[in-house]
Amino acid sequence: MHSITTYAPGKLMLMGEHSVVYDLPCLVTAVDHRMKVTVRKTDDNKLTLHAPDVGVIDYQCAISDLTLNTPKPAQFVEYGVRNFFQTFKVTSGLHITSQSDFSSKFGFGSSSAITVATIKGLSELFDIHLTNKELFDLSYKTVLDIQGKGSGFDVAAAIYGGTLYFVTGGKVIEPIKVSKLPLIVGYTGIKADTTTLINKIQMKLENDPLSITTLFDDITLLVEQGKKALINSNMKLLGNLFTNNQLLLSKLGVSSPELDKLNKAVQEAGAYGAKLSGAGGGDCMIALSPPDKELEVSEAIKLAGGTHIPITTNSDGVRVE
Ligand code: PMV
């Protein structure tokens, strides 16, 4: 039977994590590590799911009874199907396979990428045209159904691609024309749990609203400056802003000794600046460096116990094969 294959990119948060959960802006870039999803209709009224990357091998359930008992990464597919069917009043048996060219442990946004790739694939398969904003709203709802919290910046990156200025829930999704963004990425080796960290900041906000909103306002000022630095391709300034953003994230309490170690190592190797990327507590850090220091900076990541992950930034959004 006719099948559709879609590819959605992962993301890296550039600036504005955590504050973006509270109606403030962030900057995010799409990375060329993609999630591939293939969907086709079947006539058995079942959903068959094959996602070997996350240990799901030919999982089956009745379409009329999407049990949502699958391992978490596969739930994004299952909820995506359910939300798509409910919204557009369609149904069919489905066979879906997914394959990732990045590990979900890096924090590159595999959950949002698989959600977007699935819903985009379904819209093609059922010939239902969705604007990017409609695709965003349905995908964001799906992610919230499972995770409960989140700004949706990762969903926007998977759909629109490129580099975005983004405000909570897609209130603003503004593509930024970026000619270069040579990010150097270091993985700490530690998997962070985004929801735990979002909850931690929520508690802090409740207990000490003045300090936390002041930190959020300071981060937002940096985000606005970062947007200009991106537009002007001023990597030196952007690197400095990264370091200032990192200081504020440390004050928020979301950095970790491993992240601090990698950030310090790249600064000593000559980087313009560095910060954690995402919720914190682990996952990845990002750095910008003078072109002639890039090799030293990536070596410094390895020497400090991290893994250097080569990536391309500003990648295309979701596409259909
Ligand atoms: O941990 P990540 O890469 O999913 O990033 C989380 C960023 C937060 O601002 C903390 C949450 C969000 O959804 O914006």
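Quantities reported herein were computed from a predicted structural model and do not represent experimental measurements. Throughout, residue positions are numbered sequentially from 1 according to the sequence presented.
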Do the non-hydrogen side-chain atoms of Val28 and Asp154 ever get within less than 4.5 Å of each other? no

Looking at Asp101 and Arg34, would you say the former's side chain and the latter's main chain have a donor-acceptor pair under 3.5 Å? yes

Rounded distance (nearest 0.5 Å) linking atom CG of Asn132 with atom CD1 of Ile173: 8.5 Å

Side chain to side chain contact (heavy atoms under 4.5 Å, CB included) between Val37 and Thr97, intermediate numbers included: CA-CA 6 Å; Val37 171; Thr97 57; over 6 Å; no

Ile128 and Phe84: which non-hydrogen atoms are nearest, and at how many Å? CD1-CZ, 3.9 Å

By side-chain hydrogen bond (donor to acceptor under 3.5 Å, both in side chains), Tyr79 pairs with (sequence neighbours left out) none

Could you tell me the separation between the CD1 atom of Ile286 and the OG1 atom of Thr313, rounded to the nearest 0.5 Å? 10.0 Å

Hey, does the Lys NZ or Arg CZ of Arg319 hover above the aromatic six-ring of Tyr7, less than 6.0 Å from the centre and inside 45° of the axis? yes

To the nearest 0.5 Å, what is the distance between CG (Asn45) and OG1 (Thr91)? 6.5 Å

The complete set of side chain to side chain donor-acceptor pair (under 3.5 Å) pairs with one or both residues in residues 274-292, sequence neighbours excluded, reads Glu17-Lys275

Aromatic ring pairing Phe126/Phe85, orientation class (parallel under 30°, perpendicular over 60°, tilted between): perpendicular

Any pair counted as salt bridge (charged side-chain N to carboxylate O under 4.0 Å, His left out), so long as it reaches residues 301-316, sequence neighbours left out: Glu299-Lys302

Okay, side chain of Asn232, backbone of Lys228: is any donor-acceptor separation there less than 3.5 Å? yes

Locate the shortest heavy-atom distance separating Leu138 from Thr142; write the atom from each residue and the value. O-OG1, 2.8 Å

Closest non-hydrogen atom pair, Ala158 against Ala113: CB-CA, 4.1 Å

Would you find a donor on one side and an acceptor on the other, under 3.5 Å apart, between the side chain of His33 and the backbone of Pro9? no

Contacts of Ser298 meeting side-chain hydrogen bond (donor to acceptor under 3.5 Å, both in side chains) (sequence neighbours excluded), chain-then-number -> none

Asn234: which residues meet the side-chain hydrogen bond (donor to acceptor under 3.5 Å, both in side chains) condition with it, sequence neighbours left out? none

First locate atom OG1 of Thr5, then atom CZ of Arg40, and finally report the distance between them rounded to the nearest 0.5 Å. 11.0 Å

I'd like to know whether Lys11 forms a side chain to side chain contact (heavy atoms under 4.5 Å, CB included) with Val31, so could you lay out the CA-CA distance, the side-chain angles of the two residues, the decisive distance to 0.1 Å, and finally the verdict. CA-CA 5 Å; Lys11 55 76 196 162; Val31 298; 5.7 Å; no

Could you name each residue pair satisfying salt bridge (charged side-chain N to carboxylate O under 4.0 Å, His left out) that touches residues 45-60, not counting sequence neighbours? none

Spatial distance of atom OH (Tyr160) from atom CG (Leu135) [nearest 0.5 Å]: 8.0 Å

Anything under 3.5 Å between a donor and an acceptor, one on a side chain of residues 164-172, the other on a protein residue two or more places apart or in another chain? List them.
{"unit_1": "Tyr165", "atom_1": "OH", "unit_2": "Glu224", "atom_2": "OE1", "d": "3.4"}
{"unit_1": "Tyr165", "atom_1": "OH", "unit_2": "Glu224", "atom_2": "OE2", "d": "2.6"}
{"unit_1": "Thr168", "atom_1": "OG1", "unit_2": "Val20", "atom_2": "O", "d": "2.5"}
{"unit_1": "Thr168", "atom_1": "OG1", "unit_2": "Asp23", "atom_2": "N", "d": "2.8"}
{"unit_1": "Thr168", "atom_1": "OG1", "unit_2": "Leu24", "atom_2": "N", "d": "3.4"}
{"unit_1": "Lys171", "atom_1": "NZ", "unit_2": "Asp23", "atom_2": "OD1", "d": "2.5"}
{"unit_1": "Lys171", "atom_1": "NZ", "unit_2": "Thr168", "atom_2": "O", "d": "3.2"}

Are Tyr22 and Phe216, when compared by the centres of their aromatic rings, separated by less than 6.0 Å? yes

Closest approach of Gln246 to Leu276 (non-hydrogen atoms, all atoms of both residues): OE1-N, 2.8 Å

So if you build clusters from Ile, Leu, Val, Met, Phe, Trp, Tyr with side-chain heavy-atom gaps below 4.5 Å, do Ile96 and Val90 land together? yes

For Glu134, all residues meeting salt bridge (charged side-chain N to carboxylate O under 4.0 Å, His left out), sequence neighbours excluded: none

Is it true that Asn314 and Lys180 share a donor-acceptor pair across their side chains at a distance under 3.5 Å? no

Minimum heavy-atom separation for Ala8 and Val116, please, with both atom names. CB-CG1, 4.2 Å

State plainly whether one hydrophobic cluster holds both Met285 and Ile190, where clusters connect Ile, Leu, Val, Met, Phe, Trp and Tyr through side-chain heavy atoms under 4.5 angstrom apart. no

Is a donor from one side chain sitting under 3.5 angstrom from an acceptor on the other, for Thr312 and Asp32? yes

Taking Thr6 for the side chain and Val320 for the main chain, is one N or O donor matched with an acceptor at less than 3.5 Å? no

With side chains defined as the heavy atoms from C-beta onward, is the minimum distance between Glu294 and Ile184 less than 4.5 Å? yes

Rounded distance [0.5 Å steps], CG in Leu130 versus OG1 in Thr87: 9.0 Å

Between Met203 and Val21, is there a shared hydrophobic cluster once you connect ILVMFWY residues whose side-chain heavy atoms come closer than 4.5 Å? no

Pairs touching residues 236-263 that satisfy salt bridge (charged side-chain N to carboxylate O under 4.0 Å, His left out), sequence neighbours left out: none

State plainly whether one hydrophobic cluster holds both Leu222 and Ile231, where clusters connect Ile, Leu, Val, Met, Phe, Trp and Tyr through side-chain heavy atoms under 4.5 angstrom apart. yes

Minimum heavy-atom distance Ile311-Leu12, with the two atoms named: CD1-CD1, 3.6 Å

Report the C-alpha distance between Glu174 and Lys227 in whole Å, list the side-chain angles of each, state the deciding distance to 0.1 Å, and finish with yes or no for salt bridge (Lys or Arg N to Asp or Glu O under 4.0 Å). CA-CA 11 Å; Glu174 187 185 325; Lys227 182 183 179 188; 3.2 Å; yes

Given Ser233 and Ser179, is the side-chain hydrogen bond (donor to acceptor under 3.5 Å, both in side chains) satisfied, shown in steps? CA-CA 7 Å; Ser233 294; Ser179 57; 2.9 Å; yes

State which residues pass salt bridge (charged side-chain N to carboxylate O under 4.0 Å, His left out) with Lys141; sequence neighbours excluded, sorted by chain then number. Asp145

Would a single hydrophobic cluster contain both Phe88 and Val81, if residues Ile, Leu, Val, Met, Phe, Trp and Tyr are joined by side-chain heavy-atom contacts under 4.5 Å? yes

Where the side chain of Thr243 meets the backbone of Ala274, is there a donor-acceptor pair that is under 3.5 Å apart? yes

Under a 3.5 Å distance rule, please check whether Lys204 uses its side chain to pair with a backbone N or O of Leu252 as donor and acceptor. yes

Keeping the roles fixed (side chain from Lys200, backbone from Gly253), state whether a donor-acceptor pair exists under 3.5 Å. yes

Side-chain donor-acceptor pair present, Ser110, Ser100, cut-off under 3.5 Å: no

Could you check whether atom CG of Leu295 has more than 12 heavy atoms from other residues, nucleotides or ligands sitting under 6.0 Å from it? no

Sorted by chain and number, sequence neighbours left out, side-chain hydrogen bond (donor to acceptor under 3.5 Å, both in side chains) with Asp217 holds for none

Checking Asp44 against Thr42: is there a side-chain donor and acceptor pair closer than 3.5 Å? yes

Sequence neighbours left out, what pairs pass salt bridge (charged side-chain N to carboxylate O under 4.0 Å, His left out) with at least one residue falling in residues 111-133? Lys133-Asp137

